[in-house]
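Numbers here simply count residues along the sequence, with the first being 1. Computed from a predicted structure; not experimentally measured.
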Amino acid sequence: MIMSLEIQQMDEANRLSVWNGYVDWRNRPALRGYHGGMLAASFVLVVEVLENLAFLANASNLVLYLSTKMGFSPSGAANAVTAFMGTAFFLALLGGFLADAFFTTFHIYLVSAAIEFLGLLVLTVQAHEHSTEPWARVVLYVGLYLVALGVGGIKGSLPPHGAEQFDETTPSGRRQRSFFFNYFIFSLSCGALIAVTVVVWLEDNKGWSYGFGVSTAAILISVPVFLAGSRFYRLKVPSGSPITTLFKVLTAALYAKYKKRTSRNVVTWHTRNECKDNIAKGNGERDGSFLDEAVRERDSLPRPLRCTEEQVKDVKIVIKTLPIFMSTIMLNCCLAQLSTFSIQQASTMNTKLGSLTVPPAALPVFPVVFTMILAPTYNHLLLPLARKTTKTETGVTHLQRIGTGLVLSVVAMAVAALVEAKRKLVVKEVTCCSRINASSYSSSPLPITFLWIALQYVFLGSADLFTLAGMMEFFFTEAPSTMRSLATSLSWTSLAMGYYLSSVLVSAVNFFTGLNQDTPWLLGKNLNEYHLERFYWLMCVLSGINFLNYLFWARRYAYRSNQS
C-alpha cells in the first residue's frame, strides 16, 4: 500500500516536471529545469551571428557585384537585389508554416542551413570562374535562389525556436523572452558588422570568391554550433497546418452566411436565432463578426467544415494583426534603399578616412554599431526605467516600439533626400568647373565625403531595431500557440514585401516620369543623371501617410497578451 502510494507520488512529480506540448531533440518529453531557458536560447543567438554573416556579407555588396562584374545597369542591379532579398524573406513563411504544421523548428533549421550552404557553394564557384556569359548568369541565379530558399527556412524557424525556450506563464519568463528578441537583433548586428567590414574588404581587395567562401564557411560552422545546444532545447510538437485552420474557418463562415441568406424556412430561422442568443450569453468574447457564423451554424454545416470555438477565436486573432503587418511594409521599402541606391551613391563619393579607403558596401557599419550599442542599452537601462515609470510589465508596448520605428523611417527618407540634393549640387559644381557633362563624370570620386550617406543609415538602422524586434515579439506573443512560427515569419514577410514594393515603385516612377518623352527619374547607366532626391521625397511622403494609417489601427488594437 505504501509502495503504491510512493509510486503514485513519483508519477505525479514526473508529470508536473514535464513541459506539456514540448519534446526534446530525441522526441522524449521535455523536462522543466533542464530543457529551455536562456542557456538554450544562447546557442540560437550565436548561430544567428553566423547565419546573418553568411547572408548579409553578399547581400550588402551584391548590387556592386552585379553592376561592376556582371554587367547590370544601376537600376537593373537594384531590382535584382531587391527581388533576391524579397524572395529570401518571403520564403520565411514557408519555413514557419512547416515548423508549425509538420516538423519542429530544430529540423527546419538543419535542412535550411544545408540548402543555403549548397547555394553559397554554387556562388563561390561562379565567382571564381568570373564569366559574363549567359550560362554564368544562369548559375548566378541558381545559387542566389538556393541561398534565398535556405535563408527563408532559417528566418522562419530560428527566432521562434529561441523564443519557445521561455516559460510564458511567469513574468520572469516573459521578460527573458523580451530580452531574447532584443538580443536577437543584437546578434543580427554582430553578424552584419563582420559582413560589412571583413568580408566586404575581402570581396573588394582579394576577389568575390573569397567573400562567398567566407559566407559558405560561416553557414557550415553554424550547424555544429546549433547541434551543440541540442540536449538543452525544448521543441514544440507540431499541431497540424495553421493554414488549413484559417481556410477552414473562413470557408465555414462564408458557407454558413450564404446558406442563411438563401434559407426560406422561418421555423429554422427562429430556432437558429435562439441558439445564437444562448451561445452569445455563454461566450463573452464573441463580437458579432461574420466568423462567428462558423460556430452558430455548426450543426448545419457539412462535417469537414465544422469548427470549434477555439479555432474561430484563433483565426480572429490572426486577422486582427494583419493591419499592423501591412503598416510595416512601407518602412521595409525604405530599408531596401540601404542595399541598393545608397551603396551606389556612396560609390560615387570620396570614401577615404585619412589614409584608409572604405568600401561603399561597408556603410552599414554605422547603423550596425549603433544598434549594437542601443540594443543592450534598451534592455538594461531604458526598459527598466520605462517599467518603473509606467508601472507595467512591458514598460513599452510592442505597438509603441513599432510606431517609433515608423516615425524614424519618415525622418530617414527626408535626410536621404537632402543628402542626395547636396550630392547632386556637388556634381553640378564639378561638371561646371570641368566643362564636362554629368554623364561623363563617373570615373573619379566626387569631392564630398561618403559620411553624409551614413546619416540615413543611422536613422533607418534605428528604425529597424525598434520595428523588427517589436514586430517579432508582437506576432509571437499575440498569435495562437499553434501558429507562432508562421506568425513570427510575418516580420520577415514584411521585409520581403518592402523589397518587392521598392522594385515596383522604381518601375512605376520610371513609367510615369517617362511619359511625354521625358527622361525617367531612375533610368540609365549613370547615377549622376538620376533624380534620386525626388524619389526619396516621394518615399518620405508615402512613409508619413503610412504612419497615419498605422496610428488608426494601433489605437484600435486590443492586446491578447499581457501588456499591462
Side-chain angles (χ1 to χ4, degrees), residues 36-38 40-42 44-45 48 89 92-93 96 99-100 105 155-189 236 317-318 320-328 331-332 371 374-380 382-384 386-387 390 392-406 408 462-495 550 553-554 557-564:
M38 190 58 78
S42 64
V44 174
L45 296 177
E48 182 53 35
F89 290 127
L93 277 180
D100 281 331
T105 50
K155 299 297 187 190
S157 60
L158 201 58
H161 178 73
E164 289 287 3
Q165 306 307 315
F166 303 102
D167 182 8
E168 67 177 355
T169 62
T170 65
S172 63
R174 290 192 292 270
R175 281 196 297 270
Q176 285 184 326
R177 186 176 63 191
S178 182
F179 274 30
F180 166 78
F181 280 115
N182 289 326
Y183 274 113
F184 188 85
I185 305 301
F186 179 83
S187 296
L188 280 172
S189 300
K236 187 166 181 59
I317 291 170
V318 172
K320 193 172 64 170
T321 63
L322 291 181
I324 304 298
F325 159 74
M326 297 297 290
S327 300
T328 62
L331 163 67
N332 292 308
T371 298
L374 186 57
T377 302
Y378 180 84
N379 258 348
H380 300 290
L382 299 180
L383 203 54
R387 287 184 179 129
T390 61
T392 61
E393 183 180 300
T394 57
V396 178
T397 67
H398 306 146
L399 294 181
Q400 286 172 342
R401 290 192 67 178
I402 296 171
T404 301
L406 296 182
L408 288 171
S462 304
D464 192 29
L465 169 66
F466 281 101
T467 303
L468 184 56
M471 277 197 297
M472 282 187 176
E473 192 170 359
F474 171 73
F475 290 127
F476 185 89
T477 56
E478 291 297 296
S481 60
T482 56
M483 303 180 185
R484 279 183 164 170
S485 295
L486 183 66
T488 307
S489 299
L490 288 176
S491 306
W492 304 113
T493 306
S494 174
L495 272 169
Y550 172 80
W553 295 107
Y557 189 86
Y559 286 100
R560 168 181 175 266
S561 60
N562 184 13
Q563 293 283 299
S564 61

Enquirer: Output all residues satisfying side chain to side chain contact (heavy atoms under 4.5 Å, CB included) with Thr493, sequence neighbours left out; order by chain, then residue number.
Expert: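 Expected list: Phe90, Leu93, Phe325, Met497.
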
Enquirer: Starting at OG of Ser172, measure out to CZ of Phe179 and round the result to the nearest 0.5 Å.
Expert: 11.5 Å

Enquirer: Work out which heavy atom in Ser481 is nearest to a heavy atom in Lys236; give both atom names and the distance.
Expert: O-CE, 3.0 Å

Enquirer: Just jot down the ring-ring contact (aromatic ring centres under 6.0 Å, His included) partners of Tyr183, sequence neighbours excluded, or say none.
Expert: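 Listed in chain order: Phe186, His380.
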
Enquirer: Between Phe166 and Phe180, what is the ring plane arrangement, given parallel below 30°, perpendicular above 60°, and tilted in between?
Expert: tilted

Enquirer: For Arg401, which of Thr394, Thr467, Asn182 qualifies under side-chain hydrogen bond (donor to acceptor under 3.5 Å, both in side chains)?
Expert: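 So the option named by the test is Asn182.
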
Enquirer: What distance separates Glu164 CD from Thr105 OG1, expressed to the nearest 0.5 Å?
Expert: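 Taking CD in Glu164 and OG1 in Thr105, the distance rounds to 7.0 Å.
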
Enquirer: Verify side-chain contact (heavy atoms from CB on, under 4.5 Å) between Thr477 and Tyr559, making sure each step is shown before the conclusion.
Expert: CA-CA 10 Å; Thr477 56; Tyr559 286 100; over 6 Å; no

Enquirer: What's the shortest heavy-atom distance between Ser491 and Leu468, and which atoms?
Expert: CB-CD1, 4.1 Å

Enquirer: Kindly indicate whether the side chain of Tyr557, heavy atoms from C-beta on, has any atom under 4.5 Å from the side chain of Glu478.
Expert: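 A side-chain contact under 4.5 Å exists here.
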
Enquirer: Only one of Glu168, Glu393, Glu473 forms a side-chain hydrogen bond (donor to acceptor under 3.5 Å, both in side chains) with Arg174, so which one is it?
Expert: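 Exactly one option meets the side-chain hydrogen bond (donor to acceptor under 3.5 Å, both in side chains) with Arg174, and it is Glu393.
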
Enquirer: Pro159 and Met472: which non-hydrogen atoms are nearest, and at how many Å?
Expert: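 Of all heavy-atom pairs spanning Pro159 and Met472, the closest is CG-CE, 4.1 Å.
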
Enquirer: Can you name the closest pair of heavy atoms from Asp167 and Thr170 and give their distance?
Expert: O-OG1, 3.3 Å

Enquirer: Work out which heavy atom in Pro480 is nearest to a heavy atom in Ile317; give both atom names and the distance.
Expert: CD-CG2, 4.1 Å

Enquirer: Does the side chain of Leu188 reach to within under 4.5 Å of the side chain of Ile185, using non-hydrogen atoms?
Expert: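 With C-beta onward as the side chain, the pair touches.
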
Enquirer: If you measure from CD1 on Ile402 to OG on Ser327, what distance do you get to the nearest 0.5 Å?
Expert: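 Nearest 0.5 Å value for the CD1-OG distance: 9.0 Å.
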
Enquirer: Between CG of Leu486 and CZ of Phe475, what distance do you get to the nearest 0.5 Å?
Expert: 11.0 Å

Enquirer: Please name the pair of heavy atoms, one in Thr488 and one in Pro160, separated by the smallest distance, quoted to 0.1 Å.
Expert: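 Here Thr488 and Pro160 meet closest at CG2-CD, 4.2 Å.
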
Enquirer: Can you measure from CE (Met326) to CH2 (Trp553) and round to the nearest 0.5 angstrom?
Expert: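 Interatomic distance, Met326 CE to Trp553 CH2, rounded to 0.5 Å: 11.0 Å.
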
Enquirer: Look at Glu48 together with Lys155 and state whether they make a salt bridge at an N to O cut-off of under 4.0 Å.
Expert: yes

Enquirer: Can you list the steps and then say if Gln400 with Phe466 is a side-chain contact (heavy atoms from CB on, under 4.5 Å)?
Expert: CA-CA 9 Å; Gln400 286 172 342; Phe466 281 101; over 6 Å; no

Enquirer: Please report the interatomic distance CZ(Phe476) to OG(Ser489), rounded to the nearest 0.5 Å.
Expert: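 Rounded to the nearest 0.5 Å, the CZ-OG separation comes to 11.5 Å.
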
Enquirer: Quick check: do Phe89 and Asn332 have side-chain heavy atoms less than 4.5 Å from each other?
Expert: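 No, side chains not in contact.
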
